[in-house]
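All values reported here derive from a predicted model rather than from experimental measurement. Reminder, nothing fancy here: chain letters follow the sequence lines and each chain counts from 1.
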Amino acid sequence: MPHLNLEYSDNLRDLNVDVLLLRLNHALVGSGQFAEELDIKSRAQAFAQYRVGTAPAERAFAHVRLAILSGRTQQVKQQLSNSLLEVLREAIPAQPGLDIQLCVEVLDIDREPYAKLRLPG
Amino acid sequence: MPHLNLEYSDNLRDLNVDVLLLRLNHALVGSGQFAEELDIKSRAQAFAQYRVGTAPAERAFAHVRLAILSGRTQQVKQQLSNSLLEVLREAIPAQPGLDIQLCVEVLDIDREPYAKLRLPG
Amino acid sequence: MPHLNLEYSDNLRDLNVDVLLLRLNHALVGSGQFAEELDIKSRAQAFAQYRVGTAPAERAFAHVRLAILSGRTQQVKQQLSNSLLEVLREAIPAQPGLDIQLCVEVLDIDREPYAKLRLPG
């Protein structure tokens, strides 16, 4: 916890995903909501098979799903989603001819059945 | 919003995913539940690593997860899942020797912390 | 139902995913919570694009998300997550120089709008 999944359409060709993930993680650390930086587990997936809407226009999306242990207030969640959306906005500029949608969703992980083990290596 | 994720086992070899995604999106537009067709962001992923059950039989699955902003009634959600299941059924015929499971799940996106930005291009 | 998604960083190079999925499914069958073994639909995805935390250390994760129809008690869910975590632990040994996090999350699928069809083949 937290778990972050970035899903994006693969027509966002110039996206530097490694840099973006690091910036998303820094935004989460900067929120002060998470005790240890290594708790933040982020991953990204490009989709080659996608369809935005039904019109034949060229469209793209980047969607962040942030899953955090239950118990935080709506205000904290809104601050988290706004800060992550700002990171997406900085990383993904508007492109002529491409309609891009950026989204951030925050969802709860049920705290009680969450199980975790760390193997420090 | 809405976000649709189609996950399927890659032994559904004849599946035309582009056509299927478009039909799923048309079903969502036809539901009248969503203001703009371009809001519908659907993507598909084939899994090469999967296991259905524990028996050594040849099995397949296609699973749609539809995530919509919270607030809709159970009746509306059931109509949405039934119409999406019907689209799956039309796209994926029974195959001798292959046990196929088709599933549709509808889940809420917490409305308040959802953040979105459109870059029209 | 149930649906199990295993997500892992692709630096867990020696992981035998086929064996792991089968063992996870056997743990679920052994729980006695699910009527038919073929109901268990598990899939795995390796991520090449990931970032754990912000430090430059070498880190890995394996995360199981188990989605089950709503209605089970917290005690049952905890038993499920503990047994799945134990399977992960057995499959993924500690490695010198690699900090590994293993996690299991259990979440509810809203029962009413869940739609399913089986094509026995």
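Side chains of C:Arg65 and A:His3: no donor on one and acceptor on the other come within 3.5 Å.
C:Ile92 and A:Leu119 get closest at one heavy-atom pair: O-CD1, 3.4 Å. Looking at every heavy atom in both residues, C:Phe47 comes nearest to A:Ala44 through CD2-O, 3.4 Å. Of all non-hydrogen atoms in A:Pro113 and C:Gln78, the two that sit nearest each other are CA-CG, 3.8 Å. The two atoms that bring A:Glu37 and C:Arg59 nearest to each other are OE2-NH2, 2.7 Å, heavy atoms only. Contact record, C:Phe61 with A:Arg43: CZ-CD, 3.6 Å, taken as the closest heavy-atom pair. When all heavy atoms are compared, the tightest approach of A:Ala115 to C:Leu85 is CB-CD2, 3.8 Å.
A salt bridge links C:Asp99 with A:Arg118: the closest approach of a Lys/Arg side-chain nitrogen to an acidic carboxylate oxygen falls below 4.0 angstrom. Comment: C:Lys77 does not engage A:Glu112 in a salt bridge, judged by the lack of any side-chain N to carboxylate O separation of less than 4.0 angstrom.
Interface summary for chain A: among C:Gln79, C:Gln45, C:Gln49, the most heavy-atom pairs under 4.5 angstrom belong to C:Gln49.
Of the inter-residue distances, the one linking A:Asn5 atom CG with C:Asn5 atom CG reads 10.0 Å to the nearest 0.5 angstrom. Once rounded to the nearest 0.5 Å, the distance linking OH of A:Tyr114 with SG of C:Cys103 reads 3.5 Å.
Judged by distance alone, with hydrogens and angles left aside, the side-chain atoms of A:Asp110 form no donor-acceptor pair with the main-chain N or O of C:Val106 at under 3.5 Å.
Both the backbone and the side chain of C:Gln101 come within less than 4.5 Å of a heavy atom of chain A.
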